[in-house]
Protein chains: 2
Amino acid sequence: MPKRVDHEQRRRQIGEALLRIASTRGLQSATMREVAAEAGVSLRLVQYYFHTKEQLLLAALAYLAEQLTARVSASIRALGPVTSRTVVYGTLTAVVPTDEESVRLTRAYTGFYTLVFSEPEMAERHGAAYPDKLESLLAKHIAAAQEAGEVAEDVDPALTAAALLALTNGLGSSVLGGQRNGAAALRILNDQLGRLFRDQDQGRENQDPLPVRATP
Amino acid sequence: MPKRVDHEQRRRQIGEALLRIASTRGLQSATMREVAAEAGVSLRLVQYYFHTKEQLLLAALAYLAEQLTARVSASIRALGPVTSRTVVYGTLTAVVPTDEESVRLTRAYTGFYTLVFSEPEMAERHGAAYPDKLESLLAKHIAAAQEAGEVAEDVDPALTAAALLALTNGLGSSVLGGQRNGAAALRILNDQLGRLFRDQDQGRENQDPLPVRATP
DNA sequence: CGCTTGATGATACGCTCGTATCACTATAAG
DNA sequence: CTTATAGTGATACGAGCGTATCATCAAGCG
């Protein structure tokens, strides 16, 4: 037998190459040949480790989910002691495309999300309960904050969690579409979060002179 | 000379065929040949009336914008006398994919929106100030409602308008992605709008037994 | 050592895409 | 009645795609 190479490492190398293409040139230009070139391997190798393109896409999606959860939990931890409030803030602000990493993640994620519009079979094969889990997690923490008196009583946790996630997704799209920059998106999100949590220093994020629109 | 056919009518027929494909099979399957078949004409005719595919896409996008504005203003009128409140409600609820028409429009719109991620040149060639105009319009009406005492004073009209539009876009995506149905999305939007406008009957939309999640 | 077998390279196949070419038709203008 | 020309059809071209085929290489086992 030959080299007995580490398959998982190779698959990762190729999968991350796909993610790199998806977050720069877009997922639709992530062809087998492009991925091979980006990963620095031959086309045959991509075929060897992923028998079909769908398998490659699914593997890359798993890697992306991994990176996303890592960023989210890092963002939560960065906010200090873990409370319901920091979980909600950390989770949502982590996925708004502000710095270079979040732009990369959002670009790649959006690519996969829109791919589902045309290939609904892929969603099933992936499980794809990711947004649903996030939503119920947020709802749980909003309810907890509500019982702690940090959130108004007339707030519906489930509806609000869904709204916050949809808002964050919409903000991400608007940044990727060039409608505004990440700082402006973050300001809009923080305004809503501040209103929800009735922060004493609510609106603090709006005092900086950054414009709401992107500077093209 | 031959028949002297009405060019504008033919272009419309072909452009709407593309929209029909975009809202059913997705914009990426709207190839020149598919559009020709859907419109009931030959491939050559599509090439004849639109020299290139980009011209076809731009024309179809214009038709889509036409239909969208028509639906929005119809939705506003349907809410009775035109006030700032009805403009905001009518505009936002009109673009949430609930009935068959709004699903069609949202699907097609999303297709074009995601196309811009890969072909940013198309956005420039189209002007594309559509979302920006909507946003400032909403901000204006929120500010007006604020002066009329219908909206709390600590609300930032610009930030809130942006948030509502992003929320609506995100809700549309979640419906298209199968995460929830149109009724649930509308309930989430109405919850936020009711909170913003401090409706006396706020939460009325939540009393029906419809589930927040879609029934798959 | 020699053979088996996992890993890799080169290349081809069949398809679809946007676009181009060439011929033909039928009508309005002169 | 011609005749130029707007409109239309059939078909081809070159490129890129995912996938398949075949040969080769090298390492471990008997």
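Keep in mind the model is a prediction, meaning the values are calculated, not measured. Throughout, a chain's letter reflects where its sequence line sits, starting with A, and its residues are numbered from 1.
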Taking only N and O in the side chain of [X], is any of them less than 4.0 Å away from OP1 or OP2 of [N]?
{"X": "B:S42", "N": "D:dT8", "result": "no"}
{"X": "A:H7", "N": "C:dA7", "result": "yes"}
{"X": "A:Y48", "N": "C:dA7", "result": "yes"}

Given atom [atom1] of [X] and atom [atom2] of [N], what is their separation to the nearest angstrom?
{"X": "A:E119", "N": "D:dG18", "atom1": "CD", "atom2": "P", "result": "12 Å"}
{"X": "B:E8", "N": "D:dA6", "atom1": "CD", "atom2": "C1'", "result": "18 Å"}
{"X": "A:Q47", "N": "C:dA7", "atom1": "CD", "atom2": "P", "result": "16 Å"}
{"X": "A:L45", "N": "D:dC25", "atom1": "CG", "atom2": "C1'", "result": "13 Å"}
{"X": "B:H51", "N": "C:dT21", "atom1": "NE2", "atom2": "C1'", "result": "15 Å"}
{"X": "B:F50", "N": "D:dG7", "atom1": "CZ", "atom2": "P", "result": "14 Å"}

Could you walk me through whether B:E135 and A:Q179 pass the side chain to side chain donor-acceptor pair (under 3.5 Å) check?
CA-CA 11 Å; B:E135 196 169 309; A:Q179 200 189 341; 3.1 Å; yes

Residues [X], [Y]: salt bridge by 4.0 Å N-O rule:
{"X": "B:D99", "Y": "B:R71", "value": "yes"}
{"X": "B:E38", "Y": "B:R25", "value": "yes"}
{"X": "A:E16", "Y": "A:R20", "value": "no"}
{"X": "B:R195", "Y": "B:D191", "value": "yes"}

Atom pairs under 3.5 Å: protein N/O with N/O of nucleotides 15-18 of chain C:
{"unit_1": "C:dG18", "atom_1": "OP1", "unit_2": "B:K53", "atom_2": "NZ", "d": "2.5"}
{"unit_1": "C:dG18", "atom_1": "OP2", "unit_2": "B:M32", "atom_2": "N", "d": "2.9"}
{"unit_1": "C:dG18", "atom_1": "N7", "unit_2": "B:R33", "atom_2": "NH1", "d": "2.8"}
{"unit_1": "C:dG18", "atom_1": "O6", "unit_2": "B:R33", "atom_2": "NH2", "d": "2.8"}

When you measure from every atom of DNA chain D, which of residues 108-118 of chain B have a heavy atom less than 4.0 Å away?
none

For atom NE2 of A:H7, is the number of surrounding heavy atoms from other residues, nucleotides or ligands below 6.0 Å larger than 12?
yes

May I ask you to decide if the ring planes of A:Y89 and A:F197 are parallel, tilted or perpendicular, using 30° and 60° as cut-offs?
tilted

Among side-chain atoms of B:Q28 and A:Q28, is any donor-acceptor pair under 3.5 angstrom?
no

Out of D:dC22, C:dA7, D:dA10, which has the shortest distance to the side chain of B:R44?
D:dA10

Rounded to the nearest 0.5 Å, what's the gap from CZ on A:R187 to CG on B:D156? Could you check?
9.5 Å

Base, sugar-phosphate alone, or nothing: which one does B:Y49 contact when heavy atoms must sit under 4.0 Å apart?
sugar-phosphate

